[in-house]
Undergrad: 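Submitted below is the structure of interest, expressed as structure tokens.
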Amino acid sequence: MKLLDLPIASAARIAALDVDATLARRLRAVGVFEDEAIVVLRRGAFGGPVHVRTSSGGEFALDRRIAMAIEVHPALDVTAEAAE
Amino acid sequence: MSAARETRAASVDVALLGRPNAGKSSLYNAVTGGNAKVGNFPGVTVDVLEAAAPLPGGGQARFFDLPGVYSLGDDVDPESDEGQARACIERIESQGEFVVAQVVDATQLVLGLRLTSELLAKRWPVLVLVTQRDVLEKSGARLDAEMLERELGVRVLAVSARDPDVRERVLAAAADLVARGLPRAEPHTLEPRDLAARATRRTSLPPLRDVTARADAVLLHPVAGPLIFLAIMTALFSAVFLIADPASNALDAILSRLSAAIFGAFGVHLWTSLLCDGVLGGAGTVLAFLPQIVVLTLALEIIDASGYLARGAFLVDRALRLAGLGGKSFVPLLTAHACAVPAITATRIVRDPKQRLRTLLVIPLMTCSARIPTYGLLIAAFFRHRSALFQAAIFVGLYCAGILAGFFASLVIGKTMERRGPRALPLVLEMPAYRLPQVRVVLRMGARACMRFLREVGTVIVLASVALWMLMKIPTPGAPHDPQHSIAASIGHGLEPVTKPLGFDWRMNVGLIGSFGARELMVSTLGVTYGVEKDASKATDEVVAPLAERIGQDPAYDTATGLALMAFFVLACQCMSTVAALRRETKGWRVPAFVLAYTYAAAYVAALVVHQVAHAFT
């Protein structure tokens, strides 16, 4: 499932970053990397960016195109931790 | 340790490095008492600040406040903030004894430790300063700094910039490293997530929703969010007018009375005219706008330091994308409402080169504080019988006009830009936690803006006013001694064929020439022109009416002239500092030349259209 399709406030784990190598390195450096628990806080209106929080305590606004390219696995084990 | 080594180590460079918003600048301020600008937005620390502090036991440490860095491995544009920070580190490394002090946000320990492992791999002398300890403790957790120190093999301090003893502790740690001969870090693999989990002890249950989450629920609400954003921006720009206008008027009245008193006491002489019409009438008139510039600077600083700037970027990203800009362009564009020069430097946070160029090209259209004096004067001159709210609405309208012009210009420029090259980089923006701006830091920023403005008024504007006063006094050879025939007036008259369709006469032309280098000079130039002109027939004891009143009552002008002038000032890039900054930033004349050409062309056409249309309706 894609990060963009993840319902708001439900948690998942990042499985893969299906973006080009440069952008993937950037995302990992900033704090969006594989195996992180992630929760979508909100989506910007009219196709605006997606606001996410990760289990490392980072919050990010990601372009919709990026959210469409991030593969996530819904993960029940992280719900409480990431949504906190 | 050899004697030579000891002498060299007596002075050590400490580079504060860390992720954006980790708290580097606050810590830098606390340790050095220096003047770092504290920004709560990824990458606002653009200039590298430097300050020395004495080490306990002798010697001193030079602290460097570097721009935020997410990683040392990721490839970045050397022009960007991160690229700049890396270049600085390389320079510091090559210069001699140094320590890399990594500033880690305790609430984002995992992310900080990822960078730590990169620093260890470099075998640099590393000191880890875990900051925001107070925030972590408030959220019900405690950091085990000793454990972290054992695992990393480098010195770790848990601090908060608000601690009274933070300066002593950081300096003591630096002195200790120097005493031990600056031991280099040993690279080793560490599992940041696991290490962070072991180093953070929960002392109580975490709050279900923290302040940031609760604030964002309102401030980023799909309906309320944009409305609040618009309300904040409108309030900001009308506050600049409503709060500061009475203060400006009071200052203006004092200057008028002072002028009248001088003329009354000493009569109309060459030197009283120089003092009253040249210096007071010119530079003094601009001085009256100091309150507005201070209010604006303080407000923008609070928005920045609180963390709302990133929320603004989130909210406007979609709209700016329509014009080929993006959320990250929002920061320089908002900064440009204070001054274009720092805004041009702030474009370094825009990672996409095309987006960055577009942002640079439209920055001069944003309403910078240098336009405020002219807007204030024109509103007071042509709309003085309207209510304060009506006047404030015009003021806000002028800000909107600048923003719309920028939006439109970016669209048009985008259409003509070459389509080759890589696709636009999508937005990746960190949303920092909300923080209470530190009053001291905000006030210091206000004081700095104040000083910059006063220095400019005291030097450039006084000189320009005096020079113009002379040009107004010296007649063209062979002409009668009368301001109408002065050198300045002849130039103004000479331009009338070009500016007549816009409704500008020779005096406005003199003002426009005077303000070519800096917009603020428009007001001082008009002040001098009117002062000298009036001089010829002045009754000495009469209180001179404020400049705005004299312009408003001048039969040569009507509302259409005022509106045309406003349109001209919205668009024209009358600022040599901006041109110089564009040249510096783009390393060439192409961009600044293009900006001058297109803004002046647009300004002329807009003023022409506004004047003709306004005339048709009045």
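Numbers restart at 1 for each chain; the letters A, B, ... are given by sequence-line order, proteins then strands.
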Undergrad: Who are the ring-ring contact (aromatic ring centres under 6.0 Å, His included) partners of B:F314, not counting sequence neighbours?
TA: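 Result, ring-ring contact (aromatic ring centres under 6.0 Å, His included) vs B:F314: A:H51.
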Undergrad: Could you pull out the closest heavy-atom pair between B:R193 and A:D35, with the gap in Å?
TA: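 Closest approach of B:R193 to A:D35, heavy atoms only: NH1-O, 2.8 Å.
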Undergrad: Using non-hydrogen atoms only, which part of A:R64 is less than 4.5 Å away from chain B: side chain, backbone, both, or neither?
TA: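 For A:R64, no heavy atom lies under 4.5 Å from chain B.
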Undergrad: For A:L41, is it the side chain, the backbone, both, or neither that has a heavy atom closer than 4.5 Å to a heavy atom of chain B?
TA: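 A:L41 has no heavy atom closer than 4.5 Å to chain B.
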Undergrad: Shortest non-hydrogen contact from B:R19 to A:V30?
TA: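 Where B:R19 meets A:V30 most closely, the heavy atoms are NH2-O, 2.6 Å.
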Undergrad: Among the options A:S56, A:A45, A:G48, A:G57, pick out the one with the most heavy-atom pairs lying under 4.5 Å from chain B.
TA: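 Most heavy-atom pairs under 4.5 Å with chain B: A:S56.
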Undergrad: Side chains of B:T212 and A:E59, heavy atoms from C-beta outward: is any pair under 4.5 Å?
TA: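 B:T212 vs A:E59: side chains touch.
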Undergrad: Taking atom OG of B:S71 and atom CZ of A:R25, what is their separation to the nearest 0.5 Å?
TA: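 Answer rounded to 0.5 Å: 9.5 Å.
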Undergrad: For the CZ atom on B:R201, are there more than 12 heavy atoms of other groups (residues, nucleotides or ligands in this structure) within a distance under 6.0 Å?
TA: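 Open: at most 12 neighbouring heavy atoms sit under 6.0 Å from CZ of B:R201.
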Undergrad: Name all pairs fulfilling the side-chain hydrogen bond (donor to acceptor under 3.5 Å, both in side chains) condition that reach into residues 216-228 of chain B, sequence neighbours left out, sorted by first residue then second.
TA: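 Qualifying pairs, neighbours excluded: B:D216-B:R311, B:D216-B:Y434.
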Undergrad: Applying a criterion of heavy atom separation less than 4.5 Å, what residues of residues 110-120 of chain B form contacts with chain A?
TA: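 Result: B:V110, B:L111, B:R114.
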Undergrad: Checking B:F407 now: which residues fulfil ring-ring contact (aromatic ring centres under 6.0 Å, His included) with it, not counting sequence neighbours?
TA: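 Partners of B:F407 by the ring-ring contact (aromatic ring centres under 6.0 Å, His included) criterion come out as none, since no residue qualifies.
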Undergrad: Quick check: are there more than 12 heavy atoms from other residues, nucleotides or ligands sitting under 6.0 Å from NZ of A:K2?
TA: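 Counting other residues, nucleotides and ligands, NZ of A:K2 exceeds 12 neighbours.
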Undergrad: Could you check whether any side-chain heavy atom of A:L62 comes within less than 4.5 Å of a side-chain heavy atom of B:L427, counting everything from C-beta outward?
TA: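 In short, these two side chains do not touch, never coming nearer than 4.5 Å.
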Undergrad: Indicate the atoms forming the closest heavy-atom contact of A:G58 with B:Q108, along with that distance.
TA: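 Smallest heavy-atom distance, with atoms named: CA-NE2, 3.6 Å.
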